[in-house]
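Reviewing the structure listed below.
This is a predicted model, so every value here is computed, not measured. Numbering of residues begins at 1 and proceeds along the displayed sequence.
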Amino acid sequence: MKVFVTGVNGYIGTVLAPYLMQRGLEVVGLDTGYYRDGWLYSDDKSLAKSPLTINKDLRNITTQDLEGCDAVAHLAELSNDPLGQNNPAVTHRINHLGSVAIAEKARDMGIRRFVYASSCSVYGAGTGEFLDETTPPNPQQRMRMQSVG
């Protein structure tokens, strides 16, 4: 099985790709490299097993990039509220439109497995109870910063 992992150099991707490879799956990674200099996870044993990585913005993925893949694990987005609030239009183009585009390309190519990872805030404020994919979503609304003075 060949898995296309977006955000392969991110928090989860740096752990997921070697995990999949250790289990015999072929992995092709995609990452812009925005956060590469700030990796929090640097296990030399796992990094030695890093997959072939396409350095490109997820909005520029082509069908050629996905050729031969059986699954997509989509982890690549701008990941935090302060960054998202810096330029909401760009965040929308990357996080929403880019994600929809890659899902549609995968579907059109017959890739039947598509895993979209999101932060826990899609389920609401934490209460300590265990949540899983059957839990109803309760997305958090962003609070707008207002200047006072």
Return the minimal non-hydrogen interatomic distance between [X] and [Y], and the atom names on each side.
| X | Y | answer |
| --- | --- | --- |
| A73 | L16 | CB-CD2, 4.0 Å |
| V5 | V27 | CG2-CG1, 3.8 Å |
| E67 | K2 | O-NZ, 3.3 Å |

Is there a side-chain contact between [X] and [Y] (heavy atoms, below 4.5 Å)?
| X | Y | value |
| --- | --- | --- |
| L58 | I94 | yes |
| T14 | V8 | no |
| V72 | I102 | yes |
| V115 | H74 | no |
| P51 | V28 | no |
| F4 | I54 | yes |
| L97 | R59 | no |
| R113 | M1 | yes |

message: Given the ring of F114, does R112 sit roughly above its face, with NZ or CZ under 6.0 Å from the centre of the six-membered ring and within 45° of the axis?
response: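 Verdict for F114: no cation-pi partner in R112.
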
Short side-chain to backbone donor-acceptor contact, N9 and G33, under 3.5 Å: no

From [atom1] ([X]) to [atom2] ([Y]), nearest 0.5 Å:
| X | Y | atom1 | atom2 | value |
| --- | --- | --- | --- | --- |
| N55 | L30 | CG | CG | 8.0 Å |
| E26 | L20 | CD | CG | 12.0 Å |
| N87 | H92 | CG | NE2 | 12.0 Å |

- prompt: Got a sec: does the OH of Y19 have more than 12 other heavy atoms crowding it under 6.0 Å?
  reply: no

- request: Would you please test D31 and T6 for side-chain contact (heavy atoms from CB on, under 4.5 Å) and show each step?
  value: CA-CA 6 Å; D31 206 285; T6 69; over 6 Å; no

message: Using a strict threshold of under 4.0 Å (side-chain N to carboxylate O), is an ion pair present between K56 and D65?
response: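 The answer is yes: the pair qualifies as a salt bridge.
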
